[in-house]
Structures are given as C-alpha cells and as structure tokens.
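Atoms considered below: every heavy atom in the structure, side chains included; atoms not considered: hydrogens, waters and symmetry mates.
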Amino acid sequence: MKYDFSRIEKKWQEIWEREKLYAAENGTGKEKFYGLVEFPYPSGEGLHVGHPRPYTAMDIIARKRRMQGYNVLFPIGFDAFGLPTENYAIKNHMHPRDVTKRNIARFTEQLKMLGYSFDWDRVVDTTDPEYYKWTQWIFLQMFKKGLAYKASMPVNWCTSCKVVLANEEVVNGVCERCGSEVVRREKSQWMLGITKYAQRLIDDLDDVDYIERVKIQQKNWIGRSTGAEVRFRTTAGDELIVFTTRPDTLFGATYMVMSPEHELLKKWEPLLENIEAVRGYQAEAARKSDFERTELQKDKTGVELMGVRAVNPVTGGEIPIYISDYVLATYGTGAIMAVPGHDTRDWQFAKKFGLPIVEVVKGGDIEKEAFTDCETGVMVNSGFLDGMPVEEAKKTITEWLEGRGLGSAKVNYKLRDWVFSRQRYWGEPIPIVHCDRCGYVAIPEEELPLMLPDVESYETTDTGESPLAHMDEWVNTTCPHCGGPAKRETDTMPQWAGSSWYFLRYIDPKNADAPASKENIGYWMPVDWYNGGMEHTTLHLLYSRFWYKFLYDLGVVPTAEPYQKRTSHGMILGLNPHNFANLPAEEQEELLKTCGSEEAARHHLVEKFGEMAEHPIVKMSKSLGNVVNPDDVVKEFGADTLRTYIMFLGDFEKAAPWQANAVKGCKRFLDRIWNLAEERVDGSEDYSAANEADVHRAIRKVGDDIEAMKFNTAIAALMALVNRYYESKPSRGDIKALLTLVSPFAPHIADELWEIQGFDGHASVAPWPDYDEAKTVEAEKEIAVQVGGKLKTTVKVPADADDDALVAAATADEKIMRLMEGKTLVRTIVVKGRLVNLILK
RNA sequence: GCCGGUGUGGCGGAACUGGCAGACGCCCGGGACUUAAAAUCCCGUGAGGUUACACUCGUACCGGUUCGAUCCCGGUCACCGGCACCA
C-alpha cells in the first residue's frame with residue numbers, strides 16, 4: 001500500500017479531536033507542563049511558512065512531555081485586534097469583527113491541518129468581550145494604583161496612519177507599519193508607568209532561564225545608567241538640574257545645553273534678549289521628524305540663551321546655556337552639563353560654537369578629539385579632585401555635592417513609560433469617563449466589559465480623533481462618581497494590551513469572575529517554556545512581564561515572573577530569485593553568454609534589480625515572489641513532511657533559507673519509514689541484537705536533542721536509524737521504538753503505522769522509551785591513532801579496553817610499526833576510549 | 001559608534017568539555033530493477049595527487065598556546081540582527 005498522507009492526516013486529526021487526546025486537565029495530581037507559543041495575529045493572508053517553525057518546535061516538546069507522563073497545557077489563541085484588520089475592513093466596507101471571524105476560521109483550519117496538539121477547547125480571542133473584559137479590568141486596577149495616567153506629551157505621529165505610535169513602533173524614524181514619516185506632536189495620552197518597574201524587570205532576569213541574548217537585549221533596552229543629578233544655579237534664579245554619568249568631570253563643564261522643549265524656557269522668555277532666535281529654533285525642532293533629527297546628527301545646531309547664564313558649582317564660574325536638539329527632552333532631566341573635553345557630542349558642539357574645552361582627565365589629546373575612554377584615568381585641572389582615579393573622583397564629588405545640597409547619586413533608565421492610547425476603532429475601549437467636576441473616573445467593574453460599539457465609519461480623522469469620537473450616543477454618559485454629565489474616553493488600547501496577559505486566560509478560558517481562578521493559576525503558572533520571536537523581546541515580552549509583576553503585586557498571581565524559560569527561533573528566509581547563484585541553470589548560461597563573465601552577469605543583475613541581487617538569501621516577500629505557502633506544501637507532501645522539513649532545515653535558533661528541493665529528502669525519509677512498517681511485523685517486542693545499540697543511542701540522542709531544541713540533529717539521528725534498519729531487518733520492538741521517537745515530529749504517520757502494527761493505544765501518547773547507557777555501546781569500537789598529533793590510522797579494540805590495551809593495539813598496527821621503525825617513542829597520550837597519540841623522535 | 005551573533009564541501013548544515021572535520025539531507029555521478037521513464041534500492045562524492053595506494057593541503061585571514069585547535073588567546077576582514085545624539 002502506498003503512503004497516502006492526505007487520507008492518514010485527515011483521519012488522525014479527526015480521531016485526536018474526537019478523543020480530546022491533547023486536552024489539559026485542571027488540577028490533577030500529575031506534574032504539569034505549560035508550553036507556550038506566541039499566538040498569531042490572524043491576518044488576511046493566512047498562515048505564513050514562518051508560523052510552523054516555532055509552533056512545530058513547541059508541539060514536539062509538548063508531545064514529548066505528554067509521552068513522559070506530564071499533564072500538558074499547550075494552548076493556542078488569536079491576537080486579533082489591530083490595524084491591518086481595521087484597514088482591510090475600511091477598504092472592503094466590512095465590519096472588522098466579520099473580517100476577524102473569517103480570518104480566525106481560516107487560521108484554525110490551517111493550524112489543524114498541521115496536526116498540532118493544541119487543546120482546542122481553550123482557544124482565546126482577544127476581541128471577544130468576555131476576554132477583553134479582563135484586559136479592561138487589569139487596566140482599571142492600574143488606573144486605581146496610579147500606574148495608568150493621562151499625560152500631555154510629545155508623541156510620535158504617523159503622517160499616513162494618522163495615529164500615535166509607541167516609541168517601539170517607530171523604526172529608523174519611520175512608521176513600523178507603513179514606512180511613512182513620523183513627526184512629533186503634542187497630545188494627551190494614556191500612559192502606563194512601566195518605568196516604575198524598570199529595576200525589577202532587570203533584577204528578576206537573574207531568576208529565569210531565558211536565552212542570554214534575550215536577557216541582554218532587555219537590559220540594554222531598559223538602559224540603566226548610574227551617575228548623579230547636579231543642580232546648577234542660574235542668573236534667572238531657577239536651578240537647572242542635569243543628570244550625568246560622569247560627575248567627576250564637573251570641573252570641565254564649560255557650558256550647558258537644554259533641549260528645545262525644556263519647560264524652564266517658557267518661564268525664562270521675559271529674560272531672553274534673543275527670544276526670536278530661540279523661538280525660531282524651537283519651532284524648527286518641533287517640525288523636524290525624528291528621522292531628520294537623527295540623520296543630520298553629524299552637524300550640531302543650537303542657539304545660545306542671551307540673558308541667562310549658569311554657575312558651575314565647583315569652579316564658581318559663570319557659563320553659557322544653549323538650546324540644542326542634540327539634547328533629548330525625554331531622557332534624564334532634558335538638560336545636560338557639557339564637558340567637551342570628554343564627550344564627543346559636546347566636543348563637536350564646542351568646536352562649532354568656539355566654546356572652551358578643558359581637560360580634566362589625563363591621557364588623551366583634547367585638541368584632536370574628546371577623550372572619552374578615560375574610566376581608568378587620573379583627574380587634572382579639577383581642584384580637590386586632582387590626582388584621584390576617576391572612580392574615586394566620582395564618589396568624592398558626589399558626596400561633596402550631597403553635603404551641600406547641590407546634587408545626589410542617581411540612577412536613570414532609557415526605558416520610558418508606555419504610550420497606551422490609540423486613535424483607532426479596532427481595539428479595547430478604555431474604560432474611563434471624563435467628568436468636568438471629577439476628572440478621569442473609572443467605570444464600575446460591574447459594567448465591564450465596556451463593549452466596543454458599532455460605528456458607521458472606521459475612518460480616522462485628520463485631527464487624530466478615534467472613530468468612536470463621532471458616536472455622541474456612546475460618548476455622552478454620566479459620571480459614575482457624581483452622576484453629572486461626562487464623556488467616555490474614545491481612544492482604544494494598543495494591540496499589545498491583549499497579548500500582555502493571554503497566557504493566564506488559557507488556564508481558565510471561560511471564567512466569568514476572574515481572569516482565571518486562583519486555584520488554577522496556582523497549579524499552572526509559571527509557564528514552563530515559552531518560545532517566540534526575537535522581535536518581541538523588547539515589546540511583548542517586556543510588556544507582559546510588566547503586567548504580570550503588577551498582577552503579582554495585586555496578589556492575583558503567585559510568582560514574580562510569568563515565564564520560567566524563554567527560547568527563540570530564527571526566521572525562515574527565502575532564496576533570492578534575482579541572485580546569480582539561484583537562477584536556473586539555463587538562465588545562468590544565457591547570462592554568461594551575453595555578459596561574458598560571471599562578474600559581469602552579477603553586475604548586470606545588480607543594475608537590473610538593485611543591491612538586493614547580491615544577497616542569495618533574503619527575507620521572503622511578495623514582491624520577490626519567494627513566499628512559500630504552507631497549504632501548498634501540505635497538499636503536495638503532507639503535514640508530516642512539512643513538519644519534519646521545517647525542523648530539519650537548520651539550527652532552530654538561527655535564520656535559515658527554505659529550499660524547495662530539500663523537502664523531498666524528508667518525504668523520502670517518511671516513505672522509508674512507511675515501507676518498514678506498512679505490514680505488521682510479528683515477533684517479540686525486544687530490540688533485535690543487531691540493532692539494539694543503535695536503538696538505545698537513538699533514544700538518548702533524540703531525547704537530548706529535543707530538550708536542547710536541536711531538532712535538526714534529532715531528525716538526522718532518526719534518519720540514520722532508519723538507514724540502519726534497511727541494513728539489518730528490524731524486530732517488532734525496533735519498529736515500536738522508531739515509531740515512538742518519530743511520533744512528536746510526524747504524528748500522523750506514527751499513529752497510522754502504530755495502528756497497523758497493532759500496538760496499544762496511539763503512538764501520540766505512548767510512553768516515551770528509556771535507554772540504557774550501558775547498552776548504547778557496541779562490543780567493539782574504533783579508536784584513532786595519531787603520530788605527532790596527526791591521524792595515521794584507526795584500530796578496533798574491545799569497548800572495555802583500558803589505556804594500556806589501547807596503546808598495545810595502536811603499536812601493534814602494521815602501519816604504525818612501520819612509522820615507528822628507527823625512531824624512539826618519547827611520549828604517549830591516551831584519551832580514554834577515543835584516541836592514542838604517539839610522539840616519536 | 002555601541003551591544004549581540006555568524007563565517008566549515010557545489011548547497012542546507014554536523015562535530016561531546018581541546019581529541020578521527022564534513023554526521024544527516026539536497027544536488028551530482030555510477031550501478032541494479034524496467035521495453036522505457038519515473039519511483040525505489042545499492043555504491044561513490046572536500047581539494048590536489050596516484051592505475052591503485054602512499055602522500056599533501058583544507059573549518060574567513062594573520063599570528064600564538066598545545067602532543068593535538070572548527071573549538072582557547074591576540075589581531076584583521078566580511079556579513080547578519082538589535083540599539084543609536086540616552087549625557
């Protein structure tokens with residue numbers, strides 16, 4: 001019989017669903033395992049070939065855990081609020097809810113087609129009112145604790161989407177979604193106080209098992225730096241406060257710089273002699289997009305404040321104050337003390353404006369450039385700090401400032417509070433009303449969920465108001481506090497809201513009284529293993545840790561961290577069809593003929609398609625036409641082949657290109673398994689004598705490799721085992737072992753052959769086999785024999801041979817004897833059970 | 001500029017803690033089966049060299065440590081990802 005994957009896959013998917021084979025049980029005595037993948041955004045395009053990589057990986061792990069006897073929770077859901085759906089709905093005159101419903105149906109079908117062992121009774125959908133009720137509830141708790149607050153601040157405004165973006169959504173100064181220019185605008189926004197949790201978000205990384213690069217990236221993103229806050233007196237009377245990581249260089253502060261948005265500037269206006277120039281510069285800075293600001297960073301600009309000067313607290317000298325956009329309003333205090341001798345930016349600015357540059361740490365040449373690499377230097381020109389090493393000077397000056405009330409030690413973070421409002425329709429309504437008398441008031445919890453009303457038009461307005469603002473009936477309400485007239489908040493939450501706690505809802509998806517019951521949270525949390533993309537490291541991953549910590553403080557969850565372990569997969573890339581190496585052979589030849597040389601051909605391709613043509617491996621994109629659709633692969637080769645190939649194609653953690661050709665190899669592998677077991681093999685369930693050691697080794701290798709996410713080598717080991725079975729006919733026991741090991745990777749074929757063989761139950765939930773270390777070794781093994789560190793030959797020795805026996809065997813080898821002739825053996829190195837190295841003279 | 005990562009055959013990639021480089025797969029070549037092709041099965045496949053051995057070279061490049069280096073150390077180059085005027 002032929003391996004009819006379509007029939008088999010459909011058959012087993014139905015059986016699994018009917019038998020609820022993969023359902024998690026709440027609160028059993030069994031040990032639990034909670035495996036999590038990032039739930040997809042159900043886009044109109046359907047599942048991308050990038051989705052199956054992390055999903056298959058965690059499915060393999062979940063399946064193995066189940067076979068090992070764990071009570072496994074392996075859920076899936078949909079992160080369905082968001083812009084693309086809304087934009088699509090606007091364009092096609094549909095309701096976003098209907099678009100979402102359709103897309104979820106499509107995704108569900110595709111995910112089922114791939115045979116994932118998700119618990120389909122626990123699906124969550126962030127757009128379901130029963131779900132977002134709790135998203136709103138968490139927001140209200142934050143509001144009550146002062147963590148959610150409204151602030152007017154410069155925000156990133158996408159000129160095309162007409163929406164305020166979080167800092168994280170601005171990439172290289174342009175909108176992450178549409179690539180349009182982003183400018184700054186003053187707007188009143190809901191903010192979440194994530195910065196209050198900055199230190200804990202750093203510290204608690206020590207207690208979790210995340211891959212190192214994730215920890216490092218999060219730490220860098222939070223950007224802790226230690227230094228001091230210093231208060232400078234000014235001739236205006238107000239103090240100008242700055243943050244510096246180098247208080248030791250205070251004697252070298254020869255001028256100061258404020259950001260153009262600094263709030264003192266307004267107050268100082270009457271004192272400024274060049275008010276027009278200052279205002280002009282401020283206006284220009286506001287108009288510039290972030291992109292322009294950073295692109296033109298080489299050339300420093302600025303205006304001196306005429307009429308106000310500052311006093312350096314240690315030298316007592318008056319120094320000028322400038323405004324310049326190289327100082328950011330959003331970091332530190334929005335103003336700096338400039339030390340041009342030891343800071344590159346200050347140096348450039350000082351050179352341009354002819355300001356004095358003073359050396360305060362010895363060792364560099366401040367005429368040529370700022371001497372910044374001076375943490376190990378010694379202070380000069382610094383009064384009472386002279387002669388001290390930098391570290392000591394930092395301490396001394398900080399104490400000196402503290403003693404006089406002129407400053408204090410201070411920690412600063414790059415992380416900023418989270419802009420939480422969106423002027424869009426398709427998001428969770430923010431459950432707050434504004435009352436002229438009472439201010440911002442939370443709506444009562446009993447009124448949750450605050451339903452997203454139907455509106456006639458989802459279009460945003462140029463003024464940046466949410467479409468909800470047009471709904472007078474909905475907007476006008478009464479204040480829950482005083483009963484007077486009030487208006488609802490019309491902004492909605494960002495997409496990151498729903499995904500910040502979804503893993504809790506899976507635990508108890510139908511609970512009407514709480515995000516999830518305390519008892520079930522206690523049993524299931526924390527998530528044991530969470531795999532997801534590196535692109536979510538500084539956004540979703542950080543946000544959800546923050547929300548979880550907040551819930552921990554409320555007593556809703558029992559642990560400080562949501563995820564015990566975090567791993568990350570590499571992207572699936574595509575071959576660039578415009579790269580010379582990837583052209584079909586005929587086209588290559590033709591090009592060689594017309595262009596003369598390969599170099600000329602490559603050059604021709606670059607001219608035709610741009611620089612991109614130089615890269616053989618690129619991101620998949622519609623415009624290049626190298627996008628692989630999982631449906632097509634499943635149709636042609638089956639889900640088991642797709643699963644196997646996607647795990648086999650390279651190191652899971654690294655990016656790897658999809659190579660259509662290589663899929664066949666995995667199909668062939670499954671065909672060969674089919675051929676071995678399509679007819680019942682009778683006899684004992686012991687391993688055959690000939691294959692026993694290979695089976696034990698395979699059990700060890702596959703098990704270890706799954707734990708280490710080295711799926712590619714696990715599959716290679718299985719292929720090797722199958723090849724072995726072709727050399728030496730497998731027993732019934734050999735077949736059983738193979739099917740068990742294959743089952744997590746290719747569960748359909750494993751269950752079908754399991755049934756054909758007449759084994760009990762299903763391979764999917766069969767006990768994971770044990771191996772016996774002692775039985776993994778053959779009776780005889782081959783060891784390497786080196787002379788002078790170079791391999792000369794190999795010899796066979798009994799597995800239990802001791803060092804002396806290895807040397808004896810090596811020196812008895814004919815070839816080695818020949819090489820030793822006329823020489824003396826000066827040294828012998830033996831690596832236990834592996835190698836003998838003879839040093840001759 | 002800063003942080004992190006990577007560099008191994010024609011290709012994707014293996015290699016324990018410093019111990020036989022190239023597992024496994026793709027491509028390619030040869031053979032068996034077939035009227036034939038496909039599929040399947042078997043064999044070969046880093047480069048040079050030889051009838052065949054022998055032997056030599058080979059993990060981006062230069063150097064070091066070591067009996068022995070893809071792995072450790074110093075330096076150089078290239079590419080990828082993230083951050084980027086963060087005081």
Side-chain angles (χ1 to χ4, degrees), chain A residues 2 171-173 212-214 216-217 219-221 223-225 227 242-246 249 257 259 293-294 296-298 300 324-328 330-339 342-346 348-349 372 412-416 534-535 537-538 570-571 573 575 581-582 615-617 644-645 648-651 653-666 668-669 671-672 675 704 710 712-720 722-723 726-727 782-794 815 826-840:
Chain A
K2 210 175 146 267
V171 176
N172 291 328
E212 205 51 34
R213 56 197 170 120
V214 168
I216 291 168
Q217 246 184 59
K219 281 183 192 164
N220 288 348
W221 185 262
R224 181 183 204 268
S225 47
V242 301
F243 170 73
T244 177
T245 55
R246 298 296 307 276
T249 62
V257 187
S259 73
R293 269 200 177 195
T294 50
L296 301 171
Q297 64 176 265
K298 291 136 236 162
K300 299 272 180 289
S324 171
D325 63 6
Y326 89 84
V327 171
L328 307 174
T330 44
Y331 182 77
T333 62
I336 61 155
M337 63 178 215
V339 184
H342 303 278
D343 181 280
T344 312
R345 297 150 300 176
D346 297 346
Q348 288 166 352
F349 192 86
T372 55
N412 234 305
Y413 302 91
K414 278 198 255 187
L415 186 70
R416 294 178 218 162
M534 278 309 283
E535 71 274 20
T537 301
T538 52
M571 230 193 310
L573 303 173
L575 296 181
N582 295 331
H615 300 276
I617 293 166
T644 308
Y645 174 64
F648 182 65
L649 89 180
D651 183 338
E653 290 201 355
K654 291 190 201 133
W658 180 275
Q659 301 202 106
N661 258 343
V663 180
K664 282 189 288 192
C666 290
R668 212 168 277 163
F669 162 61
D671 280 335
R672 281 162 71 82
N675 292 339
D704 289 353
K710 288 171 164 283
N712 52 339
T713 50
I715 292 167
L718 287 169
M719 287 172 167
V722 168
N723 291 347
Y726 270 70
E727 286 164 27
E782 212 177 47
I783 64 156
V785 183
Q786 296 182 337
V787 173
K790 291 202 167 188
L791 180 74
K792 292 297 170 188
T793 189
T794 59
K815 188 168 163 189
V826 293
R827 196 172 157 197
T828 309
I829 293 142
V830 181
V831 179
K832 204 168 157 2
R834 300 197 74 115
L835 151 153
V836 173
N837 186 9
L838 305 167
I839 313 302
L840 303 179

Separation between the [atom1] atoms of [N] and [M], rounded to whole Å:
N	M	atom1	result
B/C24	B/G46	P	12 Å
B/G30	B/A38	P	12 Å
B/U45	B/C80	P	36 Å
B/A36	B/G31	P	13 Å
B/C72	B/C57	P	24 Å
B/U40	B/G49	C1'	37 Å
B/G74	B/C79	C1'	22 Å
B/A23	B/G9	C1'	14 Å

Between [Y] and [X], is there a side-chain heavy-atom distance shorter than 4.5 Å?
X	Y	answer
A/Ile336	A/Asp346	yes
A/Val663	A/Trp658	yes
A/Ile829	A/Val836	no
A/Trp221	A/Leu415	yes
A/Arg416	A/Thr330	yes

_Touch class at under 4.0 angstrom, heavy-atom based, for A/Lys219 against every strand present_ = nothing
_Students often get this wrong, so: under 4.0 angstrom with heavy atoms, is A/Leu649 touching a base, only sugar-phosphate, or nothing?_
sugar-phosphate
For [N], the Watson-Crick or wobble counterpart (both distances under 3.5 Å):
N	result
B/U51	none
B/C83	B/G1
B/U76	B/A60

Please state whether the phosphate of [N], meaning OP1 or OP2, lies under 4.0 angstrom from any side-chain nitrogen or oxygen of [X].
X	N	answer
A/Lys654	B/G81	no
A/Thr538	B/C83	no
A/Arg668	B/C26	yes
A/Lys414	B/C85	no
A/Lys664	B/A38	no

*Between A/Arg827 and A/Asn837, do the side chains contain an N or O donor and an N or O acceptor separated by less than 3.5 Å?*
no
Atom [atom1] of [X] to atom [atom2] of [N]: distance rounded to whole Å?
X	N	atom1	atom2	result
A/Phe648	B/A23	CZ	C1'	10 Å
A/Met719	B/G25	CE	C1'	6 Å
A/Asp346	B/G1	CG	C1'	16 Å
A/Tyr726	B/U40	OH	C1'	9 Å

*Considering heavy-atom distances to RNA chain B, does A/Thr794 or A/Gln217 have its closest nucleotide positioned more toward the 5' end?*
A/Thr794
*Taking the nucleotide of RNA chain B with the closest heavy atom to each, which residue, A/Ile216 or A/Asn723, is nearer the 5' end?*
A/Ile216
_Suppose we screen for side-chain hydrogen bond (donor to acceptor under 3.5 Å, both in side chains). Which residues come up paired with A/Thr333, at least two apart in sequence or across chains?_
none
*With the side chain of A/Arg672 defined as its heavy atoms from C-beta on, choose the nearest nucleotide among B/C20, B/C41, B/C55.*
B/C41
*Does A/Lys219 have any side-chain contact (heavy atoms from CB on, under 4.5 Å) partners at least two apart in sequence or in another chain, and if so, which?*
A/Ile202, A/Leu205, A/Asp206
Filtered N/O pairs between nucleotides 67-69 of chain B and protein, under 3.5 Å:
{"unit_1": "B/C67", "atom_1": "OP1", "unit_2": "A/Arg827", "atom_2": "NH1", "d": "3.4"}
{"unit_1": "B/C67", "atom_1": "O2", "unit_2": "A/Asn837", "atom_2": "ND2", "d": "2.2"}

*Anti/syn call for B/G9, syn if |chi| within 90°*: syn
*Should the pair A/Phe243 and A/Tyr331 be assigned to parallel (<30°), tilted (30 to 60°) or perpendicular (>60°) ring geometry?*
perpendicular
